[in-house]
Amino acid sequence: MKRRHPSNSNCSHGHGDGTSTSSIHHTTLMTTAILMVSLLMTTAMALSFTRINTRGRDRRMIHSRNQNNNCFVQHSLIQSRTRPYHQRRTELYAAKESSSTTTTTTSTIAVDLPSLRKLVRESTQLHSKNLASSNLLSNPQQLQSRISDLEMESSDPSFWDASNSARNEIVTREIARYTKLNEEVQLWNKLKLDAEGALELLEELLNENADNNALENSDNNNNEETQEMIVLTMDECQSCASQLLDLSQKYELTTLLSGPYDASPCRLVLTAGAGGTEACDWVSMLYRMYTRHASHMDMRVTTLDESPGDVVGYKSVELLIEGTNAYGWFKGEKGAHRLVRLSPFNANNKRQTTFAGVDVIPVLEENEEALKEVDIPEKELEVTTMRSGGKGGQNVNKVETGVRMKHLPTGIAVRCTQERSQGRNKQLALARLKAQLLAIAQEQRLASIEAVRGDVVEASWGAQIRNYVMQPYKLVKDSRGSGYETSDVSGVLDGGGALEEFVGSWLRWRREEEEREREMDE
């Protein structure tokens, strides 16, 4: 058996030991590097969590210290965003000083007593004026008696017969109206008593606080309790007086809606004027504005007819608005409405002016005495027929059931396509035309419709009643005598309280004009 040479054996072993040593050394270095990276990451995460916990503990300590000093710095920062800069700076410095001090001296509470007295006085005076405007409001017993009489009438079994349906509707509507009015009067009286009582209590607390501050050895705890009561009483007084003033102003507007047709529903007809595609889009914006405003005023809106534009929007839209004093509330919107903005339909993004016409017509029942008394000769009417289109199948898409009726002396035209028969649409169109002539006669203070002048709304330059300017500045201004204006263009186009201010200002201006004309006649 041959024995290996020691040199060969040593050489081979020497080569193998070198390779293993280098591999082990490389593995050790990699493991060490991984462990060091893991250690660094663990240390960084621990420091981050420690910093977060420290910040949270610091916030809690600051918040707790601010609570002990009756000063919430964070709350002041949030609330002060809506204030001018110089006021925010003063409040921040005051908050910082009060949070850093450890003294127990009592801070002075700023109470604008003259402004609060003025607010209470204005709200109570308007409340008393509203009560004096009606015998039912000034005499709650008479109002309650009226409700009891109507409820007794509705309790009769024969009252709900089919032959008495017209009276059923009237009595039910009157019961709801008087009941709501009674609840409103009770709320007004309660707010009035609360506002006056809170103001009286506030004056007593202020006098007591002044006496305590004059004493050197006064108890700080008692002073803090008194000041807390002052703040609560002041907030209560301001809240009740503001709510009473707001409700009284809204009711004051309803007293201005006493025309012969103000309580009737109304039809709102929006028509695109000068401006092309921009005018059609402007009609869609007005459509949205009036729909939202009717919902804001708790009224129901029904779309009777709409004619889409060639590109966007509508060429015309007809709405039916039903609710309390619907026609009286919207009648002031009749006229041309002008919009100025950077047109999205202009390739050069230039400023463009466009117009849309708004016509408001009261909806009167065909069996009402006012319509029966109106007699329009057939020679003064121009009647044309058309296809209605839309839903209804072949009857409306192939048969000319739609009717367009024009009053030749005035140029006023109405269109009716909502019924399936031409005869029925003709009757409705005639009733709408009579209602529109009656409304115009009432607006122009004429004795009969024979003297009605042409009153067609022209949606063009020079005939606008309101301007909506979005460029180069933001302004909505009434072009009539009220002259009311606001920079809140978005609020007006949203149809909320901003548009309500325009309608209210026009109604007040209209009442002043009527009183001035009455004085001149006398």
Side-chain angles (χ1 to χ4, degrees), residues 66-76 78-80 82-84 87-88 90-91 94-95 97-99 101 103-134 137-141 143-144 180-252 497:
N66 290 337
Q67 281 185 331
N68 295 332
N69 294 326
N70 293 325
C71 177
F72 298 93
V73 177
Q74 295 176 354
H75 180 72
S76 300
I78 295 173
Q79 294 294 329
S80 63
T82 59
R83 298 187 178 94
Q87 294 184 8
R88 295 203 306 268
T90 304
E91 292 174 358
E97 291 176 1
S98 62
S99 62
T101 183
T103 59
T104 59
T105 57
T106 305
S107 59
T108 304
I109 300 177
V111 179
D112 191 359
L113 195 57
S115 299
L116 201 57
R117 287 173 178 169
K118 181 180 178 181
L119 177 62
V120 174
R121 183 173 63 255
E122 290 179 353
S123 61
T124 53
Q125 287 179 354
L126 186 56
H127 167 69
S128 302
K129 180 181 177 182
N130 290 337
L131 293 182
S133 63
S134 173
L137 297 181
S138 59
N139 190 356
Q141 296 180 355
L143 178 59
Q144 190 63 38
K180 181 181 178 181
L181 186 60
N182 188 31
E183 294 175 354
E184 289 177 349
V185 171
Q186 293 179 1
L187 177 61
W188 299 342
N189 293 333
K190 181 179 180 300
L191 291 173
K192 178 177 180 292
L193 293 176
D194 291 346
E196 293 177 342
L199 180 60
E200 183 180 355
L201 178 59
L202 179 62
E203 293 176 349
E204 295 179 358
L205 291 174
L206 289 175
N207 294 331
E208 180 182 350
N209 186 55
D211 295 339
N212 292 335
N213 291 334
L215 299 177
E216 297 180 356
N217 298 327
S218 59
D219 191 357
N220 289 329
N221 293 330
N222 293 336
N223 290 342
E224 292 179 359
E225 292 178 359
T226 303
Q227 292 180 3
E228 184 178 358
M229 283 295 298
I230 290 175
V231 173
L232 294 176
T233 308
M234 180 178 60
D235 293 341
E236 179 70 14
C237 181
Q238 187 171 8
S239 175
C240 293
S242 300
Q243 188 176 359
L244 178 61
L245 182 61
D246 183 56
L247 294 176
S248 299
Q249 289 176 345
K250 289 183 177 180
Y251 180 78
E252 183 190 18

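Rounded to the nearest 0.5 Å, atoms CG (L193) and CG (L244) are 10.0 Å apart. Atoms CZ and SG, on R117 and C237 in that order, are 10.5 Å from each other to the nearest 0.5 Å. If you take CG on L232 and CD on Q227, they are separated by 12.0 Å, rounding to the nearest 0.5 Å. Note that CG of L187 is 14.0 Å distant from NZ of K192, once rounded to the nearest 0.5 Å. Between the CG atom in L126 and the CH2 atom in W188 there is a gap of 9.5 Å [rounded to 0.5 Å].
Between N130 and L137, the shortest heavy-atom contact is O-CD1, 3.4 Å. The two residues C240 and L191 make their nearest non-hydrogen contact at CB-O, 4.0 Å. Smallest separation of non-hydrogen atoms from A241 and S123: O-CB, 3.5 Å. The two residues L116 and L202 have their closest heavy-atom pair at CD2-CD2, 3.4 Å.
Using a 4.5 Å heavy-atom cutoff, the side chains of M229 and E204 are not in contact. A 4.5 Å side-chain heavy-atom check between L131 and Y251 finds every atom pair outside the cut-off. With contacts defined as side-chain heavy-atom distances shorter than 4.5 Å, the pair L199/L113 qualifies. A 4.5 Å side-chain heavy-atom check between D235 and V231 finds at least one atom pair inside the cut-off. Between N182 and P140 there is no side-chain heavy-atom pair separated by less than 4.5 Å. For the pair L247 and E184, the minimum side-chain heavy-atom distance is 4.5 Å or more.
Listed for the T124 side chain is a donor-acceptor partner under 3.5 Å among the backbone atoms of R121. In this structure a side-chain-to-backbone donor-acceptor pair under 3.5 Å is missing from T233 to I230. The backbone N or O of V185 sits less than 3.5 Å from a side-chain atom of N189, completing a donor-acceptor pair. Judged purely by atom type and a 3.5 angstrom limit, S248 has no side-chain atom pairing as donor or acceptor with the backbone of L245.
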